[in-house]
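What follows is a set of notes on a single structure, which appears directly below.
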Amino acid sequence: MDWLAVAPCALCRDQSGAMWNAVLVEGEPFVVDVLFDPGALYEQGSGKAEEYMRRVQLEWQDSAGSAGAARAASSSPERRRAGHATLP
């Protein structure tokens, strides 16, 4: 018995590493918006779900690119000579 009444859910990931949440509501799969309109549900395969997943992928790519640029800048010889610590 599901005494918490939590719907079946999953954390999904695509090949690029972008992630999103999915939930079954009355047997139908929905994508859960946790970034742009928290709590909104989009029927899987709908235009809204596809747009949300495109936005999530763009956010993922932007954050991955920003992290890579920050790592490159922090490990530059100039920063090391200036006494700045580098993170792994």
Side-chain angles (χ1 to χ4, degrees):
M1 178 174 167
D2 184 4
W3 61 275
L4 290 176
V6 175
C9 57
L11 177 62
C12 305
R13 184 182 322 203
D14 69 9
Q15 293 172 331
S16 74
M19 295 177 276
W20 63 93
N21 294 288
V23 63
L24 282 179
V25 177
E26 296 181 1
E28 297 295 321
F30 287 84
V31 173
V32 182
D33 187 333
V34 297
L35 296 174
F36 310 109
D37 186 10
L41 299 177
Y42 310 127
E43 190 171 358
Q44 189 170 330
S46 70
K48 291 286 279 183
E50 297 297 323
E51 176 62 22
Y52 175 74
M53 290 167 40
R54 276 193 294 277
R55 290 179 72 189
V56 166
Q57 289 169 337
L58 288 173
E59 290 288 324
W60 172 255
Q61 291 167 357
D62 287 349
S63 68
S66 297
R71 279 193 301 274
S74 69
S75 64
S76 70
E78 294 80 20
R79 285 190 60 87
R80 283 195 300 262
R81 280 195 296 273
H84 296 281
T86 58
L87 300 174

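We're numbering straight along the sequence, starting at 1.
Cluster membership for Met53 and Val25, using ILVMFWY side-chain heavy atoms within less than 4.5 angstrom, is shared. Linking Ile, Leu, Val, Met, Phe, Trp and Tyr residues whenever their side-chain heavy atoms come within less than 4.5 Å places Val23 and Leu35 in a single cluster.
To the nearest 0.5 angstrom, Ser16 atom OG is 6.0 Å from Gln61 atom CD.
Residue pairs meeting the ring-ring contact (aromatic ring centres under 6.0 Å, His included) criterion with at least one partner in residues 9-41, sequence neighbours excluded, are Phe36-Tyr52. Residue pairs that meet the salt bridge (Lys or Arg N to Asp or Glu O under 4.0 Å) test with at least one member in residues 44-56, sequence neighbours left out, are Glu51-Arg54.
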Item checked: Audit row: Asn21, Val31, side-chain contact (heavy atoms from CB on, under 4.5 Å) steps and yes/no -> CA-CA 6 Å; Asn21 294 288; Val31 173; over 6 Å; no
Margin query: Show, in sequence, the C-alpha distance, side-chain angles and deciding distance for Asp33 and Leu41, and conclude whether the side-chain contact (heavy atoms from CB on, under 4.5 Å) test is met.
Written below: CA-CA 6 Å; Asp33 187 333; Leu41 299 177; over 6 Å; no
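The heavy-atom pair separating Gln57 from Asp14 by the smallest distance is NE2-OD2, 2.5 Å.
Between the Ser46 side chain and the Tyr42 main chain, no donor and acceptor come within less than 3.5 Å of each other.
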